[in-house]
Amino acid sequence: MSSSSSSSASPRRRLATALVHAGREPAEQFGFVNTPIYRGSTVLYPTADDLANRRSRYSYGRRGTPTSHALESALTELTGAAGVVLTPSGLSAVSVALLSVARAGDHILVADNVYEPARHVCDTVLTRLGVEIDYFDPLIGAAIAARMRPNTRLIYAEAPGSQTFEMCDIPAFVAAAHARGALAAIDNTWATALGFDGHGFGVDLVVEAGTKYLGGHADVNLGFVSAAPSAWKALKDTHGALGLCAAAEDIFLSLRGLRTLALRLERHQESALKVCDWLAGRPEVSRILNPLLPTDPGHALFKRDYAGGCGLFGVVLKPVPKPAVAAFLDALELFGMGYSWGGYESLVIPFDAAPYRTATRWQPEGPTLRFHIGLDDPADLIDDLTQGFARMAAAA
Ligand SMILES: *Cc1c(COP(=O)(O)O)cnc(C)c1O
(Lines give C-alpha, C1' and ligand atoms only; values in the text may rest on other atoms or scores of the structure.)
Protein backbone atom coordinates (compact mmCIF):
# COMPACT_ATOMS: atom_id res chain seq x y z
CA MET A 1 0.00 0.00 0.00
CA SER A 2 1.26 3.44 -0.89
CA SER A 3 2.67 5.75 1.71
CA SER A 4 1.85 8.79 -0.42
CA SER A 5 -1.27 10.70 0.46
CA SER A 6 -4.58 9.94 -1.21
CA SER A 7 -6.72 12.57 -2.85
CA SER A 8 -9.05 12.82 0.14
CA ALA A 9 -8.30 15.41 2.76
CA SER A 10 -8.53 12.98 5.66
CA PRO A 11 -5.36 11.19 6.78
CA ARG A 12 -4.54 7.99 4.97
CA ARG A 13 -5.99 5.01 6.76
CA ARG A 14 -4.13 1.97 7.95
CA LEU A 15 -4.30 -0.94 5.57
CA ALA A 16 -6.81 -3.15 7.38
CA THR A 17 -9.20 -0.23 7.78
CA ALA A 18 -8.80 0.92 4.20
CA LEU A 19 -9.63 -2.58 2.93
CA VAL A 20 -12.89 -2.50 4.89
CA HIS A 21 -14.00 0.97 3.83
CA ALA A 22 -12.47 1.73 0.42
CA GLY A 23 -14.94 2.19 -2.43
CA ARG A 24 -18.07 1.80 -0.29
CA GLU A 25 -20.96 4.26 -0.38
CA PRO A 26 -23.86 2.68 1.56
CA ALA A 27 -25.81 5.95 1.62
CA GLU A 28 -26.11 5.76 -2.17
CA GLN A 29 -27.37 2.14 -2.00
CA PHE A 30 -30.33 2.61 0.37
CA GLY A 31 -27.98 1.78 3.24
CA PHE A 32 -26.94 -1.63 1.98
CA VAL A 33 -23.35 -2.37 2.88
CA ASN A 34 -22.13 -3.42 -0.56
CA THR A 35 -22.55 -1.75 -3.94
CA PRO A 36 -24.69 -4.21 -5.92
CA ILE A 37 -24.12 -5.52 -9.42
CA TYR A 38 -25.37 -2.87 -11.82
CA ARG A 39 -25.91 -4.46 -15.19
CA GLY A 40 -26.49 -2.00 -17.96
CA SER A 41 -25.67 -0.53 -21.31
CA THR A 42 -28.18 2.30 -21.67
CA VAL A 43 -28.32 5.10 -19.15
CA LEU A 44 -31.45 7.27 -19.50
CA TYR A 45 -31.34 11.05 -19.45
CA PRO A 46 -34.43 12.75 -18.00
CA THR A 47 -34.62 15.63 -20.49
CA ALA A 48 -33.42 16.55 -23.98
CA ASP A 49 -31.36 19.26 -22.41
CA ASP A 50 -29.64 16.80 -20.04
CA LEU A 51 -28.90 14.53 -23.02
CA ALA A 52 -27.52 17.36 -25.17
CA ASN A 53 -25.29 18.54 -22.36
CA ARG A 54 -24.36 15.02 -21.18
CA ARG A 55 -25.55 15.94 -17.75
CA SER A 56 -25.41 12.65 -15.83
CA ARG A 57 -23.09 10.87 -13.46
CA TYR A 58 -22.95 7.82 -15.73
CA SER A 59 -23.31 8.01 -19.51
CA TYR A 60 -23.09 4.48 -20.86
CA GLY A 61 -22.48 1.04 -19.36
CA ARG A 62 -19.13 0.46 -21.05
CA ARG A 63 -17.88 3.77 -19.68
CA GLY A 64 -18.66 2.94 -16.07
CA THR A 65 -21.33 1.96 -13.57
CA PRO A 66 -21.63 2.40 -9.80
CA THR A 67 -20.20 -1.14 -9.51
CA SER A 68 -17.07 -0.39 -11.56
CA HIS A 69 -16.71 2.99 -9.88
CA ALA A 70 -16.68 1.31 -6.45
CA LEU A 71 -13.79 -1.00 -7.38
CA GLU A 72 -11.85 1.69 -9.25
CA SER A 73 -12.05 4.08 -6.35
CA ALA A 74 -11.07 1.38 -3.83
CA LEU A 75 -8.06 0.38 -5.93
CA THR A 76 -7.10 4.02 -6.49
CA GLU A 77 -7.00 4.49 -2.72
CA LEU A 78 -5.04 1.27 -2.11
CA THR A 79 -2.46 1.87 -4.82
CA GLY A 80 -2.05 5.59 -4.15
CA ALA A 81 -2.45 6.12 -7.90
CA ALA A 82 -3.83 9.05 -9.86
CA GLY A 83 -6.38 6.63 -11.29
CA VAL A 84 -7.22 3.02 -12.07
CA VAL A 85 -8.82 1.31 -15.08
CA LEU A 86 -10.46 -2.11 -14.97
CA THR A 87 -10.06 -4.63 -17.78
CA PRO A 88 -11.67 -7.99 -18.61
CA SER A 89 -8.49 -9.95 -17.79
CA GLY A 90 -4.98 -9.53 -16.45
CA LEU A 91 -3.58 -9.89 -19.94
CA SER A 92 -5.75 -7.07 -21.30
CA ALA A 93 -4.46 -4.93 -18.42
CA VAL A 94 -0.90 -5.63 -19.62
CA SER A 95 -1.91 -4.80 -23.21
CA VAL A 96 -3.64 -1.53 -22.44
CA ALA A 97 -0.75 -0.40 -20.23
CA LEU A 98 1.72 -1.05 -23.04
CA LEU A 99 -0.50 0.43 -25.76
CA SER A 100 -1.08 3.57 -23.70
CA VAL A 101 2.64 4.30 -23.87
CA ALA A 102 3.99 2.84 -27.12
CA ARG A 103 4.32 4.85 -30.34
CA ALA A 104 5.75 3.75 -33.69
CA GLY A 105 9.52 4.10 -33.58
CA ASP A 106 9.75 3.59 -29.81
CA HIS A 107 12.15 1.19 -28.12
CA ILE A 108 10.80 -0.74 -25.13
CA LEU A 109 12.95 -2.69 -22.67
CA VAL A 110 11.24 -5.82 -21.34
CA ALA A 111 12.57 -8.12 -18.59
CA ASP A 112 13.23 -11.62 -19.92
CA ASN A 113 11.23 -13.27 -17.11
CA VAL A 114 7.85 -11.58 -17.64
CA TYR A 115 4.61 -13.55 -17.99
CA GLU A 116 4.88 -15.29 -21.35
CA PRO A 117 1.61 -13.95 -22.85
CA ALA A 118 2.92 -10.41 -22.11
CA ARG A 119 5.92 -11.23 -24.31
CA HIS A 120 3.49 -12.41 -26.95
CA VAL A 121 1.68 -9.04 -26.98
CA CYS A 122 5.06 -7.34 -27.37
CA ASP A 123 6.31 -9.66 -30.11
CA THR A 124 3.13 -9.54 -32.18
CA VAL A 125 0.88 -6.50 -31.63
CA LEU A 126 3.56 -3.99 -30.61
CA THR A 127 6.13 -5.17 -33.12
CA ARG A 128 3.55 -4.92 -35.89
CA LEU A 129 2.88 -1.32 -34.89
CA GLY A 130 6.55 -0.44 -35.34
CA VAL A 131 7.73 -0.70 -31.72
CA GLU A 132 11.10 -2.29 -31.09
CA ILE A 133 11.07 -4.79 -28.20
CA ASP A 134 14.37 -5.46 -26.46
CA TYR A 135 14.57 -8.14 -23.74
CA PHE A 136 17.02 -7.83 -20.85
CA ASP A 137 18.31 -9.98 -18.01
CA PRO A 138 15.97 -9.41 -15.01
CA LEU A 139 19.05 -9.40 -12.74
CA ILE A 140 20.65 -6.51 -14.66
CA GLY A 141 20.05 -3.99 -11.84
CA ALA A 142 21.40 -0.45 -12.32
CA ALA A 143 23.23 -1.54 -15.49
CA ILE A 144 19.85 -1.16 -17.21
CA ALA A 145 20.88 2.50 -17.67
CA ALA A 146 23.39 1.41 -20.34
CA ARG A 147 20.58 -0.24 -22.31
CA MET A 148 18.61 3.00 -22.66
CA ARG A 149 18.51 4.58 -26.11
CA PRO A 150 17.31 8.03 -27.16
CA ASN A 151 14.01 6.46 -28.29
CA THR A 152 13.52 4.20 -25.23
CA ARG A 153 10.02 4.92 -24.04
CA LEU A 154 9.40 2.30 -21.35
CA ILE A 155 11.02 -0.29 -19.09
CA TYR A 156 8.61 -3.13 -18.32
CA ALA A 157 9.31 -5.75 -15.64
CA GLU A 158 7.73 -8.29 -13.33
CA ALA A 159 9.16 -8.94 -9.87
CA PRO A 160 9.46 -11.70 -9.03
CA GLY A 161 8.77 -13.35 -12.38
CA SER A 162 5.68 -15.45 -11.73
CA GLN A 163 7.24 -18.60 -13.17
CA THR A 164 10.98 -18.40 -12.42
CA PHE A 165 10.91 -15.96 -9.47
CA GLU A 166 13.94 -13.75 -10.15
CA MET A 167 13.66 -10.43 -8.32
CA CYS A 168 14.28 -7.19 -10.22
CA ASP A 169 15.70 -4.00 -8.80
CA ILE A 170 12.61 -1.93 -9.53
CA PRO A 171 13.90 1.35 -8.01
CA ALA A 172 16.98 1.08 -10.29
CA PHE A 173 14.71 0.61 -13.31
CA VAL A 174 12.59 3.61 -12.29
CA ALA A 175 15.71 5.77 -11.84
CA ALA A 176 17.12 4.75 -15.24
CA ALA A 177 13.80 5.36 -17.00
CA HIS A 178 13.10 8.73 -15.40
CA ALA A 179 16.67 9.96 -15.96
CA ARG A 180 16.02 9.64 -19.72
CA GLY A 181 12.43 10.86 -19.81
CA ALA A 182 11.04 7.34 -20.16
CA LEU A 183 8.46 5.52 -18.04
CA ALA A 184 8.59 2.39 -15.86
CA ALA A 185 5.83 -0.23 -15.70
CA ILE A 186 5.53 -3.43 -13.71
CA ASP A 187 3.30 -6.44 -13.41
CA ASN A 188 2.65 -6.58 -9.66
CA THR A 189 0.39 -9.63 -9.61
CA TRP A 190 2.64 -11.68 -7.29
CA ALA A 191 2.97 -9.16 -4.45
CA THR A 192 -0.20 -7.13 -5.09
CA ALA A 193 -0.41 -3.51 -3.96
CA LEU A 194 -0.27 -4.79 -0.38
CA GLY A 195 3.14 -6.39 -0.82
CA PHE A 196 4.77 -3.86 -3.11
CA ASP A 197 3.94 -0.17 -3.28
CA GLY A 198 4.77 0.36 -6.95
CA HIS A 199 3.72 4.01 -7.14
CA GLY A 200 5.48 4.77 -3.85
CA PHE A 201 8.67 3.60 -5.60
CA GLY A 202 7.95 5.83 -8.58
CA VAL A 203 6.60 3.23 -11.01
CA ASP A 204 4.38 4.96 -13.57
CA LEU A 205 2.09 2.06 -14.53
CA VAL A 206 1.30 -0.91 -12.28
CA VAL A 207 -0.59 -3.88 -13.71
CA GLU A 208 -2.28 -6.58 -11.70
CA ALA A 209 -4.18 -9.69 -12.73
CA GLY A 210 -7.14 -9.43 -10.34
CA THR A 211 -7.95 -12.92 -11.57
CA LYS A 212 -5.38 -14.13 -9.03
CA TYR A 213 -5.48 -12.87 -5.43
CA LEU A 214 -8.00 -10.05 -5.73
CA GLY A 215 -10.69 -12.48 -6.89
CA GLY A 216 -9.12 -15.10 -4.70
CA HIS A 217 -11.59 -17.88 -5.40
CA ALA A 218 -10.71 -19.06 -8.93
CA ASP A 219 -13.97 -17.70 -10.31
CA VAL A 220 -13.06 -14.27 -11.71
CA ASN A 221 -11.33 -12.91 -14.81
CA LEU A 222 -10.30 -9.31 -14.24
CA GLY A 223 -7.31 -7.02 -14.52
CA PHE A 224 -6.49 -3.49 -13.56
CA VAL A 225 -3.88 -0.86 -14.24
CA SER A 226 -3.09 1.95 -11.82
CA ALA A 227 -1.26 4.99 -13.10
CA ALA A 228 0.83 7.76 -11.59
CA PRO A 229 -0.05 11.28 -12.80
CA SER A 230 2.71 10.88 -15.44
CA ALA A 231 0.76 8.10 -17.18
CA TRP A 232 -2.87 8.54 -16.15
CA LYS A 233 -4.33 10.58 -19.02
CA ALA A 234 -2.85 8.36 -21.73
CA LEU A 235 -3.97 5.24 -19.88
CA LYS A 236 -7.52 6.51 -19.40
CA ASP A 237 -7.79 7.63 -23.05
CA THR A 238 -6.36 4.39 -24.46
CA HIS A 239 -8.60 2.27 -22.24
CA GLY A 240 -11.63 4.23 -23.46
CA ALA A 241 -10.54 4.12 -27.11
CA LEU A 242 -10.14 0.35 -27.01
CA GLY A 243 -13.57 -0.06 -25.42
CA LEU A 244 -12.37 -2.21 -22.56
CA CYS A 245 -14.72 -2.94 -19.69
CA ALA A 246 -14.73 -5.67 -17.07
CA ALA A 247 -17.83 -7.80 -16.45
CA ALA A 248 -20.16 -6.56 -13.72
CA GLU A 249 -20.21 -9.83 -11.79
CA ASP A 250 -16.42 -10.13 -11.91
CA ILE A 251 -16.12 -6.60 -10.54
CA PHE A 252 -18.52 -7.42 -7.73
CA LEU A 253 -16.58 -10.57 -6.84
CA SER A 254 -13.32 -8.63 -6.94
CA LEU A 255 -14.73 -6.07 -4.50
CA ARG A 256 -15.77 -8.92 -2.24
CA GLY A 257 -12.28 -10.42 -2.56
CA LEU A 258 -10.69 -7.09 -1.68
CA ARG A 259 -12.26 -7.09 1.79
CA THR A 260 -10.34 -10.24 2.81
CA LEU A 261 -7.25 -9.76 0.65
CA ALA A 262 -4.85 -8.94 3.49
CA LEU A 263 -6.02 -11.86 5.62
CA ARG A 264 -5.77 -14.31 2.76
CA LEU A 265 -2.36 -13.13 1.56
CA GLU A 266 -0.98 -13.35 5.07
CA ARG A 267 -2.16 -16.96 5.40
CA HIS A 268 -1.07 -17.95 1.86
CA GLN A 269 2.40 -16.59 2.60
CA GLU A 270 2.66 -18.14 6.05
CA SER A 271 1.58 -21.58 4.79
CA ALA A 272 3.86 -21.33 1.75
CA LEU A 273 6.81 -20.63 4.06
CA LYS A 274 5.97 -23.73 6.13
CA VAL A 275 5.80 -25.89 3.00
CA CYS A 276 9.02 -24.33 1.66
CA ASP A 277 10.86 -25.03 4.92
CA TRP A 278 9.78 -28.65 4.71
CA LEU A 279 10.62 -28.94 0.99
CA ALA A 280 14.10 -27.48 1.64
CA GLY A 281 14.86 -30.53 3.79
CA ARG A 282 13.73 -33.09 1.22
CA PRO A 283 16.35 -35.08 -0.68
CA GLU A 284 14.35 -34.78 -3.93
CA VAL A 285 14.61 -30.96 -3.93
CA SER A 286 17.60 -29.13 -5.37
CA ARG A 287 16.45 -25.57 -4.61
CA ILE A 288 13.40 -23.45 -4.03
CA LEU A 289 12.62 -20.35 -6.08
CA ASN A 290 11.00 -17.92 -3.66
CA PRO A 291 12.29 -14.47 -2.71
CA LEU A 292 10.54 -14.79 0.67
CA LEU A 293 13.28 -17.22 1.72
CA PRO A 294 16.52 -15.80 3.20
CA THR A 295 18.42 -18.37 1.11
CA ASP A 296 17.00 -16.98 -2.16
CA PRO A 297 19.27 -14.76 -4.31
CA GLY A 298 16.42 -12.24 -4.57
CA HIS A 299 15.77 -12.02 -0.83
CA ALA A 300 17.87 -8.89 -0.25
CA LEU A 301 15.85 -6.92 -2.81
CA PHE A 302 12.64 -8.38 -1.42
CA LYS A 303 13.57 -7.30 2.10
CA ARG A 304 14.58 -3.85 0.96
CA ASP A 305 11.53 -3.05 -1.16
CA TYR A 306 8.62 -5.37 -0.32
CA ALA A 307 6.20 -5.53 2.59
CA GLY A 308 4.93 -9.02 1.80
CA GLY A 309 4.53 -11.81 -0.71
CA CYS A 310 2.11 -14.60 -1.40
CA GLY A 311 1.72 -18.37 -1.75
CA LEU A 312 3.29 -18.86 -5.19
CA PHE A 313 6.82 -20.27 -5.59
CA GLY A 314 8.90 -22.64 -7.69
CA VAL A 315 10.90 -25.77 -6.96
CA VAL A 316 13.82 -27.22 -8.91
CA LEU A 317 13.99 -30.96 -8.34
CA LYS A 318 17.15 -33.00 -8.53
CA PRO A 319 17.36 -34.81 -11.87
CA VAL A 320 14.66 -37.48 -12.05
CA PRO A 321 13.02 -39.19 -15.06
CA LYS A 322 9.89 -37.53 -16.48
CA PRO A 323 7.59 -40.46 -15.65
CA ALA A 324 8.60 -40.16 -11.98
CA VAL A 325 7.58 -36.48 -11.98
CA ALA A 326 4.27 -37.46 -13.57
CA ALA A 327 3.79 -40.16 -10.90
CA PHE A 328 4.38 -37.50 -8.21
CA LEU A 329 1.89 -35.09 -9.76
CA ASP A 330 -0.73 -37.78 -10.34
CA ALA A 331 -0.40 -38.98 -6.73
CA LEU A 332 -1.20 -35.59 -5.18
CA GLU A 333 -4.72 -35.38 -3.80
CA LEU A 334 -4.88 -31.87 -2.35
CA PHE A 335 -3.02 -30.07 -5.15
CA GLY A 336 -4.94 -29.49 -8.36
CA MET A 337 -3.12 -29.26 -11.68
CA GLY A 338 -4.11 -26.24 -13.70
CA TYR A 339 -3.22 -22.71 -14.73
CA SER A 340 -3.86 -19.50 -12.87
CA TRP A 341 -3.35 -19.17 -9.10
CA GLY A 342 -4.33 -16.95 -6.19
CA GLY A 343 -7.48 -18.86 -5.28
CA TYR A 344 -8.14 -20.58 -1.96
CA GLU A 345 -7.05 -23.90 -3.42
CA SER A 346 -3.58 -25.37 -3.78
CA LEU A 347 -2.12 -26.00 -7.22
CA VAL A 348 0.94 -27.45 -8.89
CA ILE A 349 2.17 -27.41 -12.49
CA PRO A 350 5.41 -28.47 -14.14
CA PHE A 351 6.95 -25.66 -16.18
CA ASP A 352 9.81 -25.02 -18.57
CA ALA A 353 10.79 -21.41 -19.21
CA ALA A 354 13.61 -22.30 -21.61
CA PRO A 355 11.64 -22.12 -24.89
CA TYR A 356 10.68 -18.47 -24.55
CA ARG A 357 13.80 -16.91 -23.04
CA THR A 358 15.78 -14.78 -25.47
CA ALA A 359 18.09 -12.56 -23.38
CA THR A 360 19.02 -15.18 -20.78
CA ARG A 361 19.13 -18.97 -20.63
CA TRP A 362 16.92 -20.95 -18.30
CA GLN A 363 18.90 -24.08 -17.49
CA PRO A 364 17.80 -25.56 -14.17
CA GLU A 365 19.57 -28.69 -12.96
CA GLY A 366 16.37 -30.75 -12.85
CA PRO A 367 12.62 -30.67 -13.54
CA THR A 368 10.82 -27.56 -12.33
CA LEU A 369 7.45 -27.26 -10.62
CA ARG A 370 5.39 -24.24 -9.63
CA PHE A 371 3.31 -24.51 -6.46
CA HIS A 372 0.47 -22.35 -5.25
CA ILE A 373 -0.22 -22.89 -1.56
CA GLY A 374 -3.90 -22.39 -0.85
CA LEU A 375 -5.76 -22.03 2.42
CA ASP A 376 -5.52 -25.74 3.29
CA ASP A 377 -3.78 -26.64 6.54
CA PRO A 378 -0.11 -26.81 5.52
CA ALA A 379 0.36 -29.98 7.62
CA ASP A 380 -2.10 -31.76 5.31
CA LEU A 381 -0.32 -30.39 2.24
CA ILE A 382 2.97 -31.72 3.61
CA ASP A 383 1.38 -35.14 4.18
CA ASP A 384 0.15 -35.10 0.60
CA LEU A 385 3.58 -34.15 -0.75
CA THR A 386 5.16 -36.89 1.39
CA GLN A 387 3.05 -39.58 -0.21
CA GLY A 388 3.65 -37.97 -3.63
CA PHE A 389 7.41 -38.22 -3.19
CA ALA A 390 7.02 -41.89 -2.20
CA ARG A 391 5.22 -42.52 -5.49
CA MET A 392 7.94 -40.58 -7.31
CA ALA A 393 10.61 -42.80 -5.77
CA ALA A 394 8.66 -45.93 -6.70
CA ALA A 395 8.44 -44.75 -10.33
CA ALA A 396 12.06 -43.58 -10.66
C1 LIG B 1 -2.28 -14.64 -14.74
C2 LIG B 1 -1.35 -13.52 -14.95
C3 LIG B 1 -1.63 -12.52 -15.86
C4 LIG B 1 -2.84 -12.54 -16.75
O5 LIG B 1 -4.05 -12.60 -16.06
P6 LIG B 1 -5.35 -13.19 -16.79
O7 LIG B 1 -6.46 -12.68 -15.97
O8 LIG B 1 -5.19 -14.68 -16.76
O9 LIG B 1 -5.36 -12.67 -18.19
C10 LIG B 1 -0.74 -11.47 -15.98
N11 LIG B 1 0.39 -11.44 -15.25
C12 LIG B 1 0.70 -12.40 -14.37
C13 LIG B 1 1.94 -12.30 -13.59
C14 LIG B 1 -0.15 -13.48 -14.20
O15 LIG B 1 0.17 -14.45 -13.35
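Keep in mind that this is a model prediction, so the values were computed, not measured. Counting starts at 1 for both ligands and their atoms, following the listed order.
- A heavy-atom cutoff of 4.0 Å around ligand 1 is satisfied by the protein residues Ser89, Gly90, Leu91, Tyr115, Glu158, Ser162, Asp187, Thr189, Ala209, Thr211, Lys212, Trp341.
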Enumerate donor-acceptor pairs with a distance under 3.5 Å from any side-chain N or O in residues 322-348 to protein atoms, sequence neighbours excluded.
residue: Ser346; atom: OG; partner: Gly374; partner atom: N; Å: 2.8
residue: Ser346; atom: OG; partner: Asp376; partner atom: OD1; Å: 2.7

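- For Arg267, the CZ atom is loosely surrounded, since the number of other residues' heavy atoms within 6.0 Å does not exceed 12.
- Residues Asp123 and Tyr356 are not in side-chain contact: their nearest non-hydrogen atoms beyond the backbone lie 4.5 Å or more apart.
- Within the structure, the ring-ring contact (aromatic ring centres under 6.0 Å, His included) test picks out the following pairs touching residues 259-285 (sequence neighbours left out): Tyr213-His268, His268-His372.
- Residues that satisfy the salt bridge (Lys or Arg N to Asp or Glu O under 4.0 Å) test with Arg361, not counting sequence neighbours, are absent from this structure.
- Enclosure of atom CZ in Arg256 is not indicated, since only 12 or fewer non-hydrogen atoms of other residues, nucleotides or ligands lie within 6.0 angstrom.
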